[in-house]
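Below: the structure, in C-alpha cells.
All residue numbers in this chain count up from 1 along the given sequence. Computed from a predicted model, the values in this text were never measured in an experiment. Note that these values count all heavy atoms, side chains included, but never hydrogens, waters or copies made by symmetry.
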Amino acid sequence: MLPSSSSCTQTSVGWMGKISHVQTSSEALAMAVAMMMPEAKGVAGLLAPPVLLPDITGRCVEASASRPPRLPPRPAKLPSPLASLLPEVGREAAGPEGSGVSPSSRHASSAPSLRSNRSSARAHQSASPSGRRVRSASPRSGGRRRAQSQDSRAEVVASRASSSRRNSASGAATSTPVAAQRAGAVTSSSQRAKHGAASRVCYVVQFGNNSNLLRQMLRARACWLPGPGDPGNSAGKTSIEEKTVNLSAANDAQEIQFLWTMYPQKTFISAMASEQQGLRVVLNDEKRLQMKPAQNPCSQPVSMRAHNHFSGGSVITSKAGLVKTIVDFYLRHGRDPFGAVPLTFVVTEGSSDPQFAEWRRAYDLIEQSTNQSMWLVKPGDLSNRGNGIRIYDSSEGVAERVDSKSRAWVLQKYMEAPLLVHKRKFDIRAYCLVTQEPNGGGIHAFFYREAYLRTTSVEYSIKSKDLLVHLNNDAVQKTGDDYGKFESANKLSLVDFQRYLDEHLPKKRYSVQEALIPQMKSLVADTIRAAGAKLNPKEVNNCFEVFGFDFMVDASFRVWLIEVNSNPCLELCNSYLSYLIPKMLDEALQVTLDRVFPPQGTGSATKDRTGSGAARTDISSAVSGTGWEPVFCSSGPNADIVSCAWVPELLVQDDGSSPDLASLGRDLLMPVAPSGSTGGGAKTRRSSTSKKAASEKKDRS
C-alpha cells in the first residue's frame with residue numbers, strides 16, 4: 001500500500017543527487033518503478049543492479065540488489081512513500097550472501113573516503129553497532145517479522161497500481177491495509193487454504209550464493225508461495241541475520257514442490273522418485289539443508305516435484321569425475337582426451353599409486369622434450385573456490401603433496417603458454433543448462449550465449465608460484481590488494497574482450513563470436529554427451545541444473561575445458577553481472593520450471609501432475625527468445641558424434657592395447673589453433689625451444 005502524499009518528505013542521497021518534494025502518490029509510484037525497472041523487462045527489471053561507486057579504493061563497491069540503480073547506498077531511514085515501494089529492504093541482511101557484513105558496514109570499510117559525502121545520511125542512521133538500517137520492527141523481532149511478511153510483500157509488488165489508486169482516495173488510512181497484509185502473512189496453513197493460497201505450489205530456497213535473487217524470481221511467478229523451511233514462510237524459527245531456519249516436521253505442513261539448493265539434496269530426489277509425501281525441511285542454512293519425513297502427514301500425495309540438481313552430477317562436477325568421464329568418452333571414439341582437457345592423472349593412494357608412476361613418466365618425458373615442469377595438484381572431490389590447489393615445478397613437491405593426505409588427487413599439466421589480457425591471466429565462465437524430458441526422455445543441453453572473463457590482478461610469470469598470479473577464482477583474487485584495480489570486480493564481458501583483441505592484437509584477427517564461442521559450445525556438448533544417462537541414473541522427473549563451465553584459452557586461441565561447477569557463483573559484484581546473472585537465471589526457469597508449473601495459473605499447472613509431460617510447452621518454444629542455445633540432445637540424430645572435431649585422432653594399436661596416456665596431450669605444450677577456426681591463429685605453432693618461447697611472450701601479452 002502506498003502512503004499518502006502528505007507523508008512524503010525530502011531525503012538526501014549523497015553526492016550523486018537528490019530525491020525531493022514527491023507531491024503525490026502517483027509520482028512516488030512512477031519514481032519507484034523507474035528506479036526498480038530501469039531498462040530490463042519482466043522479472044529481471046525488478047532486480048536493480050549494484051551501484052558502482054567511484055573507483056577510489058580500486059575495488060568494486062556495490063549496493064544490494066534491492067537498491068535503486070545508479071545511486072549510492074541509501075540513508076538508514078527512507079521517507080515512507082519510497083520505503084513502501086521497495087519490498088526487498090530489510091531482507092536477508094541485504095547484500096550478497098556469504099559476505100557476513102551488512103551493506104553499510106561493507107561500504108564503510110571499502111570506501112572510507114566517501115563518509116564525508118554522506119553526512120546528511122548519517123543523521124538518520126541508528127545507534128546500532130552493526131550500522132544496519134532502521135526498520136519499523138524492533139531489532140530483536142525484526143528478523144522473524146520480516147520473514148513472516150515476505151510472501152505478503154510479493155502481493156504488494158504485484159498490486160502497486162491498485163494500491164496507488166486506493167491511496168489517492170484515502171490519504172491517511174494507509175497504515176491499516178499494510179497492517180492487515182502483515183497480519184495475513186502469519187496465518188496458519190488452514191487459513192491460507194480458505195483464501196486460496198493452499199492451491200498454490202510451495203518452494204524452498206536454501207540460504208547462500210545470493211539465494212534472495214531466486215526468491216525474487218519465484219515470488220514474481222503467480223503460482224508460487226514460500227513453503228515451510230523458506231525464510232519467506234512463517235513456520236519455524238527464522239533468523240535472517242544468521243541465515244538460518246529451524247522447524248519441526250509438522251504433519252499438517254504444506255508439501256514442498258520445488259527445492260533450490262547449492263548441491264543435490266538426495267533425500268528430496270529420492271522422494272521425487274517414489275512420490276513420497278510428508279517430507280519436511282527441518283534445517284535451512286548456508287552449509288546444509290536437512291529434510292525429514294513427518295510421522296503422520298495429512299497432506300495429499302505429491303507426484304509433481306522439481307529440483308535444481310541431478311543426482312549424478314558429480315560425474316562432471318568433481319574434478320576426478322570429470323577426468324574419468326572425458327577420458328572414457330574420447331578414448332571410446334578413438335580420440336586424444338587430452339586435446340579437450342589438459343593432460344591429467346587421478347591418484348588415490350599417494351605416491352605408491354600406479355597412476356602416480358604413470359604421471360612421473362609423463363613428467364619426465366615432457367620436461368626432457370619441452371623443458372616444461374609446472375603441474376597443478378588439486379583435490380579430486382567436490383572442492384571449489386580454489387581450495388586446496390597448489391602449483392609445483394618438481395616431482396618431489398608433487399609427491400609430498402599427494403602423500404600429505406589420503407584422498408583422491410588430480411595432477412594436471414599447467415598451461416604455460418596462455419593467452420593474456422594486459423599481461424595477466426584469465427579464464428572464462430560460461431553457463432550450461434541441462435534438463436531431461438519426463439520418464440527417461442531426451443537429455444537437452446543449452447549454452448548461454450553471454451559469458452564473462454575472470455582476470456587476475458598480477459602479471460603472469462612462470463617464475464612465481466603465487467596463486468594470485470595463476471588462479472582466477474574470486475575467492476583467491478579477493479585476497480589481493482589490487483582486486484578490482486584493472487577491471488570492476490576482475491570481470492570482463494566478451495564484448496570488452498573482443499575490444500581488447502581488436503586494439504592489442506589486430507594482426508591476429510581473433511574473433512570471439514566466430515572462433516571462441518563455437519569451441520566452448522562444442523566442449524559443453526561433448527561433456528554432456530559423455531556424461532549422458534549417468535547424470536540422472538534413476539530417471540527422476542523434473543530435475544534440471546545450471547552448470548558453470550570454466551575454460552582457458554592458449555596462445556593460439558584454442559579453448560581448453562578446465563572444470564565444471566555445480567554451484568556457480570550468483571553474486572552480483574559489478575554492473576555487467578547484475579545484468580547477466582538475473583537474466584540467465586530467469587530464462588533458465590522459463591525453459592525448465594515454467595514448463596512443469598506454468599506461471600499463468602494453478603489450473604494449467606495441474607494438467608501435468610502425472611509427470612508425463614503431456615501439457616508441457618515444447619522445449620524449442622520455451623527456449624525461443626531466450627539466451628539459451630541448444631548444443632546437444634540425446635535423442636537427436638547426432639547424439640553420439642564428437643562435436644570437438646579438432647581433438648586429435650589416435651593411432652590404432654596393432655595389438656589392440658589401450659593407448660599410452662603418458663604420451664598424449666602434447667597440443668597443450670605446443671599450442672595449435674583448432675582446425676577450421678578463424679582469426680589467423682591456425683597458422684602459428686609454438687616451438688618447444690626456450691628461445692622461441694621467450695620471443696613469443698611479448699606477442700601473447
Cationic N near anionic O, under 4.0 Å, Arg407 to Asp381: yes
Applying salt bridge (Lys or Arg N to Asp or Glu O under 4.0 Å), can you list everything that pairs with Glu358, at least two apart in sequence or on another chain? Arg361
From CE (Met374) to OH (Tyr363), nearest 0.5 Å: 11.0 Å
Set of residues satisfying salt bridge (Lys or Arg N to Asp or Glu O under 4.0 Å) with respect to Lys324, sequence neighbours excluded: Asp328
One thing to verify: whether Arg499 and Glu503 come together as a salt bridge, which I'm taking to mean a side-chain N less than 4.0 angstrom from a carboxylate O. no
Donor-acceptor pair, Glu545 side chain versus Leu433 backbone, under 3.5 Å? no
The criterion is side-chain contact (heavy atoms from CB on, under 4.5 Å); which residues satisfy it with Glu400, sequence neighbours excluded? none
Determine whether a donor-acceptor pair (N or O, by modelled atom type, separation under 3.5 Å) exists between the side chain of Thr479 and the backbone of Val476. yes
Taking only residues two or more places apart in sequence, or in another chain, which ones meet Ser493 in a side-chain hydrogen bond (donor to acceptor under 3.5 Å, both in side chains)? Asp496
Please name all residues satisfying side-chain contact (heavy atoms from CB on, under 4.5 Å) with Arg666, sequence neighbours left out, ordered by chain then number. Leu343, Leu365, Ile366, Leu669
Would you say the ring centroid of His422 lies under 6.0 angstrom from that of Tyr500? yes
Under 3.5 Å donor-acceptor, Gln498 side chain and Val512 backbone: yes
How close do Thr456 and Asn490 get, counting heavy atoms only, and between which atoms? C-ND2, 3.7 Å
Please test Gln206 against Tyr263 for side chain to side chain donor-acceptor pair (under 3.5 Å), starting from the C-alpha separation and ending with a verdict. CA-CA 10 Å; Gln206 183 185 0; Tyr263 299 101; over 6 Å; no
Could I get the full list of salt bridge (Lys or Arg N to Asp or Glu O under 4.0 Å) partners for Asp466, not counting sequence neighbours? none
Set of salt bridge (Lys or Arg N to Asp or Glu O under 4.0 Å) partners for Arg424, sequence neighbours left out: Glu487
For Val323, the side-chain contact (heavy atoms from CB on, under 4.5 Å) test, sequence neighbours excluded, returns Val327, Thr344, Val346
Backbone N or O of Gln519 within a donor-acceptor pair of the Lys521 side chain at under 3.5 Å? no
Report yes or no: does Trp409 contribute a side-chain atom to a donor-acceptor pair with the main-chain N or O of Lys405 at less than 3.5 Å? yes
Determine yes or no for a side-chain-to-main-chain donor-acceptor pair under 3.5 angstrom, with Gln477 supplying the side chain and Leu471 the backbone. yes
Distance (rounded to the nearest 0.5 Å) between Gln412 CD and Lys378 NZ: 4.0 Å
Between the main-chain N or O of Val623 and the side-chain N or O of Gln590, is there a donor-acceptor pair closer than 3.5 Å? no
Given the side-chain rings of Trp375 and Tyr392, with only the six-membered ring counted for Trp, is the space between their centroids under 6.0 Å? no
Kindly assign one of parallel, tilted or perpendicular to the pair Phe329 and His333, based on the angle between their ring planes and the thresholds 30° and 60°. tilted
What residues form a side-chain hydrogen bond (donor to acceptor under 3.5 Å, both in side chains) with Arg390, not counting sequence neighbours? none
Examine distances only and state if a side-chain atom of Asn210 and a backbone atom of Leu570 form a donor-acceptor pair shorter than 3.5 Å. yes
Counterpart residues, side-chain hydrogen bond (donor to acceptor under 3.5 Å, both in side chains), relative to Asp336 (two or more places apart): none
Partner residues of Asn638 under the side-chain hydrogen bond (donor to acceptor under 3.5 Å, both in side chains) criterion, sequence neighbours left out: none
Does this structure show an ion pair linking Asp502 with Arg509, if we count only N-O contacts that are shorter than 4.0 Å? no
So Phe497 and Phe426, ring pair (Phe, Tyr, Trp, His ring centres under 6.0 Å) or not? Walk me through it. CA-CA 11 Å; Phe497 182 42; Phe426 69 90; 5.2 Å; yes
side-chain contact (heavy atoms from CB on, under 4.5 Å) against Ser643, all qualifying residues, sequence neighbours excluded: Ser522, Ala525, Asp526, Arg529
When every non-hydrogen atom of Tyr431 is compared with those of Pro568, the smallest separation belongs to CE2-CB, 4.2 Å
